[in-house]
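What follows is one structure encoded as structure tokens, with my remarks underneath.
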Amino acid sequence: MERKHLLYLFSTDASASPFDINMAYDAGFHAVIPYGNVTEETGTLLIQDIIFSRGPKGAKFTALFIGGNDVDLAETIRAAAIKSMFPPFQVSVMIDPKGAYTTAAALVAKVEKALGGLSGRKAAILGGTGPVGRVAATLCAKNGCEVIVGSRSREAADRLAKGIAEKAGGKIAGAQMGTDDEKLPILKGVDVILATAKAGVEILSRSALEVLPAGKVVADVNAVPPSGVAGLKPEDDLKEIAPGIRGIGALATGVLKYDVEMEMLETIRTSKEFIVLDDGSAMDIARRRLR
Ligand SMILES: NC(=O)c1ccc[n+]([C@@H]2O[C@H](COP(=O)([O-])OP(=O)(O)OC[C@H]3O[C@@H](n4cnc5c(N)ncnc54)[C@H](OP(=O)(O)O)[C@@H]3O)[C@@H](O)[C@H]2O)c1
């Protein structure tokens, strides 16, 4: 009898994301089994039932996806799940909390290609304290790009920047960037602006955009109208949106994000070896797909 491909989906939220469930079915899983409000303790207990029930052969047809809003908790669950597995009772794992690993990887890979590299560049991240912003900041910092994480709250920005610098290293600072007056002095001095604020929030105004010096790349991930950057359409891909300023819209990044998440899901479904895919893997895939 042919084995069924099963995906267990652990979410830190009450409900698992339908986005990830739909993509998992499209990636060929026969069943996707969601668990909400998963913690380190419940995740560890669930993993034991997952790995032992199908035997070593069945483990190759079983995979785990870790998602949800809480990036730190998702990482804790990942560590606990991996610790509680041992050969040959191991199932492949993918972690993508709130889609932030695949989205941020696609976003950062797009701007890296547009700039011809990130090393020695300077980036500002508007609305940078959410899952997508913090992962984008981490990926930029890891690749030699100096980062300024923006927030309406100075403390939130400073706290996040300190946390990322401790974990990932690199040059990263926080800044209060709630108003145009707070944003402009910083935005004038960077090579790239990433707009990662909450869905439906315009975080970069037309008046601010028009006084920025030429030569910058501005990339937005907000696909819910209005766009995060005034005048930038979701499908724009390096279109000039103000004199000398090129914009990448949410759909241009979203198509790559979709491809990256699909490849990661197909990989954990079909891999005969135990593998763990995360933000670094997402970045490698995004880069390869853009070559
Ligand atoms: N294109 C794609 O494929 C794709 C995939 C996934 C997500 N997304 C998009 O990525 C973006 C970021 O997602 P996320 O989950 O990381 O975001 P989020 O956590 O909902 O929000 C990010 C930050 O936005 C700031 N913010 C909230 N309300 C604001 C307001 N009224 N004015 C200014 N700033 C505000 C907050 O920062 P402070 O409170 O610190 O200021 C918050 O931490 C969203 O637009 C989401 O739809 C796109």
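Here the side chains of Ile241 and Val229 are in contact, with some heavy-atom distance below 4.5 Å. Residues Lys183 and Leu126 form a side-chain contact, since some pair of their non-hydrogen atoms from C-beta on lies under 4.5 Å apart. A 4.5 Å side-chain heavy-atom check between Lys239 and Arg246 finds every atom pair outside the cut-off. Between Lys60 and Arg54 there is no side-chain heavy-atom pair separated by less than 4.5 Å. The side-chain heavy atoms of Ile285 and Thr102, taken from C-beta on, include no pair separated by under 4.5 Å. Residues Leu277 and Ile95 fail the side-chain proximity criterion, which asks for heavy atoms closer than 4.5 Å. No side-chain heavy atom of Arg134 sits under 4.5 Å from any side-chain heavy atom of Val149. Side-chain contact between Met94 and Leu265: present, with at least one pair of heavy atoms (C-beta onward) separated by less than 4.5 Å.
Counting only distance, with no hydrogens or angles, the side chain of Asp191 and the backbone of Lys122 share a donor-acceptor pair below 3.5 Å. At distances below 3.5 Å, at least one donor-acceptor pair connects side-chain atoms of Glu182 with backbone N or O atoms of Gly178. Checked by atom type and distance alone, the side chain of Tyr25 pairs as donor or acceptor with a backbone atom of Val32 at under 3.5 Å. Under the 3.5 Å distance criterion, the side-chain polar atoms of Thr196 are matched with a main-chain donor or acceptor of Gly127. Listed for the Thr267 side chain is a donor-acceptor partner under 3.5 Å among the backbone atoms of Glu263. When atom types are taken as modelled, the side chain of Asp70 and the backbone of Thr12 share no donor-acceptor pair closer than 3.5 angstrom. For Arg121 (side chain) and Leu115 (main-chain N/O), a donor-acceptor pair under 3.5 Å exists by modelled atom type. Ser227 contributes no side-chain N or O that, together with a main-chain N or O of Ala230, makes up a donor-acceptor pair within less than 3.5 Å.
Using a 3.5 Å distance cut-off with no hydrogens or angles, the side chains of Thr253 and Lys110 do not pair a donor with an acceptor. A donor atom on one side chain and an acceptor atom on the other are found under 3.5 Å apart for Asp180 and Ser205.
No single ILVMFWY cluster, assembled from side-chain heavy atoms under 4.5 Å apart, contains both Val111 and Leu232. Taking hydrophobic clusters as Ile, Leu, Val, Met, Phe, Trp and Tyr residues chained together by side-chain heavy-atom distances below 4.5 Å, Ile268 does not share a cluster with Leu6. Follow the hydrophobic side-chain contacts under 4.5 Å out from Val93 and you never reach Phe29; the two are in separate clusters. Linking ILVMFWY side-chain heavy atoms closer than 4.5 Å, directly or via other members, places Val255 and Leu107 in two distinct hydrophobic clusters. Residues Val108 and Leu256 are members of separate hydrophobic clusters, defined by side-chain heavy-atom contacts under 4.5 angstrom among Ile, Leu, Val, Met, Phe, Trp and Tyr.
At least one cation-pi condition fails for Lys57 and Phe89: the charged atom is not both under 6.0 angstrom from the six-membered ring centre and inside a 45 degree cone around its axis.
Of all non-hydrogen atoms in Ala175 and Ile148, the two that sit nearest each other are CB-CG2, 3.7 Å. Closest of all the heavy-atom pairs between Met23 and Met262 is CE-N, 3.6 Å. The heavy-atom pair separating Ala74 from Ile66 by the smallest distance is O-CG2, 3.7 Å. Taking each heavy atom of Val147 and Cys140 in turn, the nearest pair found is CG2-CB, 3.6 Å. Smallest separation of non-hydrogen atoms from Met177 and Gly150: SD-CA, 3.6 Å. Summarising the geometry of Tyr35 relative to Leu46, their closest heavy-atom pair is CE2-CD2, 3.6 Å, with the distance given to 0.1 Å.
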Exercise. Going through the checks in order, is the side chain to side chain contact (heavy atoms under 4.5 Å, CB included) test met by Ser53 and Asp49?
Worked result: CA-CA 6 Å; Ser53 50; Asp49 283 355; 5.8 Å; no
Problem set entry | Stepwise side chain to side chain contact (heavy atoms under 4.5 Å, CB included) check, Val218 with Val192 | CA-CA 6 Å; Val218 178; Val192 57; over 6 Å; no
For this session: Mind running side chain to side chain contact (heavy atoms under 4.5 Å, CB included) on Met264 and Asp96 for me, showing each step along the way?
Result: CA-CA 10 Å; Met264 289 170 83; Asp96 191 17; 5.7 Å; no
For this session: Verify side chain to side chain contact (heavy atoms under 4.5 Å, CB included) between Ile248 and Asp236, making sure each step is shown before the conclusion.
Result: CA-CA 5 Å; Ile248 302 172; Asp236 288 344; over 6 Å; no
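Classified by interplanar angle (parallel below 30°, tilted 30° to 60°, perpendicular above 60°), the ring pair His5/His30 is parallel.
Among Val217, Ile203, Leu212, the single residue meeting the side chain to side chain contact (heavy atoms under 4.5 Å, CB included) criterion with Ile193 is Leu212.
No close placement of the Phe65 and Phe10 rings is indicated, their centers lying 6.0 Å or farther apart.
Going from atom CE of Met85 over to atom CZ of Phe52 covers 11.0 Å, rounded to the nearest 0.5 Å. Atom CG of Leu139 sits about 11.0 Å away from atom SG of Cys145, to the nearest 0.5 Å. With rounding to the nearest 0.5 Å, the separation of CG in Leu187 from CG in Leu204 is 6.5 Å. The structure places CG of Asp13 at 4.5 Å from CG of Asn69, a figure rounded to the nearest 0.5 Å. A distance of 11.0 Å separates NZ in Lys98 from OG in Ser11, rounded to the nearest 0.5 Å. For the atom pair OG1 (Thr39) and CD1 (Ile77), the distance works out to 6.5 Å, reported to the nearest 0.5 Å.
Listed by first then second residue, pairs satisfying side chain to side chain donor-acceptor pair (under 3.5 Å) with a partner in residues 75-85 read Glu75-Arg78, Glu75-Tyr101, Arg78-Asp278, not counting sequence neighbours.
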